2 protein chains.
Amino acid sequence: MSRRGEFSLIGKIDGLFPLKDWGGTGGLVGIGDDCAVIPRGDGRDTLVSTDLLIEGVHFLLERAPGRHGGPSCISPFDLGWKSAAVNISDVAAMGGRPSATFLSIAVPDHIDDAFLDEFLRGYREISLKYGVPLLGGDTTSSKDSLCINVAVMGECPSGGAVLRSGALPGDLVCVTGNLGDSAAGLDFLLRPDGVSRIPSEYAEYLAQRHFRPEPRVREGLSLAACGSVGAMMDISDGIASDLRHILKASSAVCGTALAAEIDTASLPLSKTLSAFCDTFGLDPLDFALSGGEDYELLFTCRPLADIPVPHTVIGNIREAAPADGNHISWLGTGKDFQGFRHF
Amino acid sequence: MSRRGEFSLIGKIDGLFPLKDWGGTGGLVGIGDDCAVIPRGDGRDTLVSTDLLIEGVHFLLERAPGRHGGPSCISPFDLGWKSAAVNISDVAAMGGRPSATFLSIAVPDHIDDAFLDEFLRGYREISLKYGVPLLGGDTTSSKDSLCINVAVMGECPSGGAVLRSGALPGDLVCVTGNLGDSAAGLDFLLRPDGVSRIPSEYAEYLAQRHFRPEPRVREGLSLAACGSVGAMMDISDGIASDLRHILKASSAVCGTALAAEIDTASLPLSKTLSAFCDTFGLDPLDFALSGGEDYELLFTCRPLADIPVPHTVIGNIREAAPADGNHISWLGTGKDFQGFRHF
């Protein structure tokens, strides 16, 4: 199924399961944001998200028979880390505090005990780092591919979750951290001559950014608490795709078609990404805008707002002609950009 | 991975993620019961469970290329129903009220839009029947098999969840409904000459019990509320396997090795199951005890307790010699029984 097919399936599910058929909303947020938001009635909201990671689609393994190995294959430790990280990041993207994960894993014959031990060690390490216990799950066999599903729970003050739909005309568009490192890391790892042409500490940095993302939990909590953030999500498919989700959701809520201008000269790029692109004659914008899996936070805020975490302003939101809604102008480049595609 | 391998992996995960490493328990129940129990602090507990269903392991599909079709293949409607049903059943098994599900689905090329429409129709029907909204999930492609993960949330009064660990010596062992129909349904569907030898209404009944289980939500709520139930779980692998989980968990809590006696003459069997077994010369005990996927409730209670739902007493719990712990005596038969194995 293509990424387009996924969005069409999500739309179909969204249409078949309107909240009104189950007695209305009452503050409930269902399909369409990084997490569902479920009011508890005691001043707190529960956040829930779930992510599937499928071998051959989201990651490659050394051990799969008949498939090429090599450095683009994720280690079992990093796979354990990343499986939890991308889910914890969904709670961070709402400004919530992650409270528990649930791990479902379907194990094919080519996965052995040593692999599972390392996988669990990585999962445990990030679970300890972010203080999120593993409280349950499911284990089963699989005929072909390793399949991993993680469900994450979190919480936030009632009504305090930052949705994708809160952007307004005039808002600034901001990001935490640097963009494009993870996608550049994957590109680098897929190059047979990669290792010989850039310093080893650059190689390690890019691989680490790709294989071991850090969910921005503290940043998300601060951004939600400061009260100045309109919309927020984590960057999983690249800004070119993810920012369109914010525009679409926010247009529907504010009743005005929204568009965005991004100043490509202002994008935060690591020195390593720039050096890597210089060496191989690549355009860092491709990684920073169309690359995926940064797991940094993309958010909007009012101009002059006091934002309590390090961030970079990369553009702004404006009213658009209705036909021009969800359009992104890329200032400083003649190119257009799309989001990340999986293997 | 064998069923034995699954239990070994669960044990490994349980050992690596002790709750004390995340700041203790405080009423929290993690890995090892039908659901995790998460105290909210406002007089209610949240229940969470998650189940993976993998093509070729948990179900067969007509549409899979290179695989045999036939009546043992589940229809997409029933697969949608069953994916939600087995998860809702986990909340029922704790005596909780299900409140939301989250659907993750990895779709291979041999699954088309018509299949997904029917799948979602079945999922929607049971979600409406039990009043449980779908609030989120994930969709992605898959290289080989259709993979479905459902996470379910529910709630119950604080401390009101009925665990597997509450059985005591002298307790009666009880079940709701009839046992073995689902496993007999699968056996029947796998027989090329099945349809010609039993009445069509019998065939329909058995197939329905296999493909479209009903989670015992109302029964679970009543059993938890009555205060007389010690331990409870849903029957997914057959009593021969599931009752051992109750014995093991309860032995650890009460500090006494527990065993059980089951009177095989008292097992609740449907007329259809008996007629099916008569026709084909089969032993109904094999289905009732080693069969799986009944999704009836297995529970223990004190003798003479007033139990508010229809049920059958099938045996009792007793103290055992330590070496004899978790042993089940099958009165009225010379056979021993084990739990269900997947394809």
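On a predicted model such as this, the values are computed, not experimentally measured, just so you know. Below, chains carry the letters A, B, ... as their sequence lines are ordered, and counting in each starts from 1.
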Minimum heavy-atom distance between B:Asp138 and A:Leu52, given as atom pair plus value: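 Closest heavy-atom pair between B:Asp138 and A:Leu52: OD2-N, 2.8 Å.
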Between [atom1] on residue [X] and [atom2] on residue [Y], distance to nearest 0.5 Å:
X: B:Ile105; Y: A:Leu9; atom1: CD1; atom2: CG; result: 6.5 Å
X: A:Ile10; Y: B:Thr139; atom1: CD1; atom2: OG1; result: 3.5 Å
X: A:Ser99; Y: B:Arg40; atom1: OG; atom2: CZ; result: 12.0 Å
X: B:Cys147; Y: A:Lys143; atom1: SG; atom2: NZ; result: 12.5 Å

Do [X] and [Y] come close enough that some side-chain heavy atom pair is under 4.5 Å?
X: B:Trp22; Y: A:Leu128; answer: yes
X: B:Ile31; Y: A:Leu135; answer: no
X: A:Phe17; Y: B:Ser127; answer: yes
X: A:Lys12; Y: B:Asp117; answer: yes

Part of A:Ile38 within contact of chain B (heavy atom distance under 4.5 Å):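 For A:Ile38, the side chain is the part near chain B, not the backbone.
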Proximal component of A:Ile54, with respect to chain B [non-hydrogen, under 4.5 Å]: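 Contact with chain B involves the side chain of A:Ile54 alone.
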Which atoms of [X] are under 4.5 Å from chain A, going by heavy atoms: the side chain, the backbone, both sets, or neither?
X: B:Thr46; value: side chain
X: B:Asn149; value: side chain
X: B:Asp113; value: both
X: B:Val132; value: backbone
X: B:Leu19; value: side chain
X: B:Ser104; value: both

For chain A, the option from B:Gly137, B:Ala151, B:Ala100 that forms the most heavy-atom pairs under 4.5 Å: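 Among B:Gly137, B:Ala151, B:Ala100, the one with the most close pairs to chain A is B:Gly137.
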Choice from B:Ala36, B:Cys35, B:Ser49 maximising heavy atom contacts with chain A below 4.5 Å: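 The option with the most such pairs is B:Ala36.
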Heavy-atom pair count under 4.5 Å with chain B, highest-scoring of A:Pro18, A:Pro133, A:Gly136, A:Gly41: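 It is A:Pro133.
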Presence of salt bridge, A:Asp21 and B:Arg124, under 4.0 angstrom: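 Judged by the 4.0 Å cut-off on N to carboxylate O distance, B:Arg124 and A:Asp21 do form a salt bridge.
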CA sep, side-chain torsions, deciding dist, call: B:Ser145, A:Asp144, side-chain hydrogen bond (donor to acceptor under 3.5 Å, both in side chains): CA-CA 7 Å; B:Ser145 307; A:Asp144 320 280; 2.6 Å; yes
